[in-house]
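So the structure is just underneath, and the comments pick up after that.
Not measured: the values here are computed from a predicted model. Below, chains carry the letters A, B, ... as their sequence lines are ordered, and counting in each starts from 1.
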Amino acid sequence: MNLIKNIYKILFEKYGPQGWWPLLNLGNVQSQSGSKSYGGYHPGNYELPLTEEQQFEIIAGAILTQNTSWNNVVKAILNLKQKKLLSVNNINKVNEKELALLIRPSGYFNQKAKRLKNVASFLISRQIKKLFAGKNLRAELLSLNGIGPETADSIMLYAAKKPIFVIDAYTKRIFARLGYNETGYDELQALFMSSLEPDAAMFNEYHALIVELAKNHCRKKPICSSCPLAGLCSYNKSIS
DNA sequence: TACCAGGTCCTCG
DNA sequence: CGAGGACATGGT
């Protein structure tokens, strides 16, 4: 087993299924493990998203969470939900200024309002169903202003369930500390995708587990002592 | 109080 | 290309 696979195994055994992407609009979904879904997470259930509304909630969340803590994003999404704006058509219709005010808690709210309007009008012009079935989804998403590689790949993986590996700041930090030389987005992504079978459910978990590790141990100021990857990592052996 | 958070765009060398 | 700045709120 290669190291990339081994790391996944270690993280999954440590933290278990994560239940991404968190959705406020879960319907009556239950997790496979029998535990009930909480806070929008649905561990062990890989069926979601089931509806276009849920797909759009993921797309909106992916934009709102750009360089922003999820906690703040939840506040913004709750505001949108209350105004029935977790919908492509309604985002397309709403006044941009009004939208900006509603998503204010997520930060960068003027930019993000514009980005949400952008993507909504794009989804309508292409028709979300056809787009998600199409061949050039990633390239089309990347062509939109406000959607870069991570947001595009989050949409690919979590909304469209395509086996595309998402790279984020946590992934870069963790794997740099582990000693990998791959530094750019595409390079790191290629490392994962050439080391793993193309499995959307597993990519889903792996990315979520990386986030979990980064929050618990591999922070900017790391807590290495109890890190599940300590045995594989030579970074900062001296730090607690 | 300062630092950080599930990025992206634009400009400049 | 890549570095550097702008964009902004809320939690610790």
Most 5' of A/Y185 and A/K220 on DNA chain B, judged by nearest nucleotide:
A/K220
Distance in angstrom units between A/E187 CD and C/dC1 P, rounded:
13 Å
Determine the contact category for A/I147: base if any of its heavy atoms lies under 4.0 Å from a base atom, sugar-phosphate if only primed atoms, P, OP1 or OP2 are that close, otherwise nothing.
sugar-phosphate
In whole Å, measure the gap between the P atoms of B/dA2 and C/dA8 for me.
22 Å
Hey, are A/K172 and A/E187 close enough for a salt bridge, meaning a charged N less than 4.0 Å from a carboxylate O?
no
Determine the contact category for A/L144: base if any of its heavy atoms lies under 4.0 Å from a base atom, sugar-phosphate if only primed atoms, P, OP1 or OP2 are that close, otherwise nothing.
sugar-phosphate
Against the side chain of A/N145, the closest entry in B/dG7, C/dT9, B/dC10 is B/dC10
What is the nucleic acid contact for A/T151, judged by heavy atoms within less than 4.0 Å: base, sugar-phosphate only, or nothing?
sugar-phosphate
Which pair of heavy atoms, one from A/G16 and one from A/E205, lies closest together, and at what distance?
O-OE1, 4.4 Å
A/Q66 CD to C/dA6 P, straight-line distance once rounded to whole Å:
19 Å
Rounded to whole Å, please give me the gap between CG in A/L102 and C1' in C/dT9.
15 Å
Would you classify A/A62 as touching base, sugar-phosphate or nothing, given that sugar-phosphate means primed atoms plus P, OP1 and OP2, and contacts are heavy atoms under 4.0 Å?
nothing
Picking from C/dC7, C/dT9, B/dT8, the nucleotide nearest the side-chain atoms of A/E150 would be B/dT8
Distance below 4.0 Å between A/R173 side-chain N/O and B/dA5 OP1 or OP2:
yes
Rounded distance in Å between the P positions of B/dC4 and C/dG5
16 Å
Assign A/N72 to base, sugar-phosphate, or nothing according to its heavy-atom contacts below 4.0 angstrom with the strands shown.
base
Look at the side chain of A/K75 and decide which nucleotide, out of B/dA5, B/dT8, C/dG10, has an atom nearest to it.
C/dG10
A/I223 CD1 to B/dC4 P: how many Å, rounded?
14 Å
What residue among A/F203, A/W20, A/F56 forms ring-ring contact (aromatic ring centres under 6.0 Å, His included) with A/Y158?
A/W20
Taking atom P of C/dT9 as reference, at what distance in whole Å does atom NZ of A/K112 sit?
11 Å
Counting the atoms with a prime plus P, OP1 and OP2 as sugar-phosphate, which does A/G148 contact under 4.0 Å by heavy atoms, base, sugar-phosphate, or nothing?
sugar-phosphate
Rounded interatomic separation in angstrom, taking CG from A/L78 and P from C/dG10
13 Å
Kindly say if A/N110 contacts the phosphate of C/dA8, meaning a side-chain N or O under 4.0 Å from OP1 or OP2.
yes
Quick check for you: among C/dG10, B/dT8, B/dG7, whose closest atom lies nearest to any side-chain atom of A/P149?
B/dT8
According to the interplanar angle, ranging from 0 to 90°, do the rings of A/F192 and A/F175 count as parallel (below 30°), tilted (30 to 60°) or perpendicular (above 60°)?
perpendicular
Rounded to whole Å, CG of A/D153 lies from P of B/dG7 at a distance of 13 Å
List the atom of A/H217, the atom of A/S226, and the distance in Å for their closest heavy-atom pair.
CE1-OG, 2.9 Å
Across the strands shown, which category fits A/Y108 at heavy-atom distances under 4.0 angstrom: base, sugar-phosphate, nothing?
base
5'-most by nearest nucleotide on DNA chain C - A/N67 or A/N71
A/N67
Taking A/N204 for its side chain and A/L157 for its backbone only, find out whether a donor-acceptor pair lies under 3.5 Å.
no
Checking contacts here: which listed nucleotide (C/dC7, B/dC9, C/dT9) is nearest the side-chain heavy atoms of A/P105?
C/dT9
How close or far is atom C1' of B/dC10 from atom NZ of A/K114, stated in whole angstroms?
15 Å
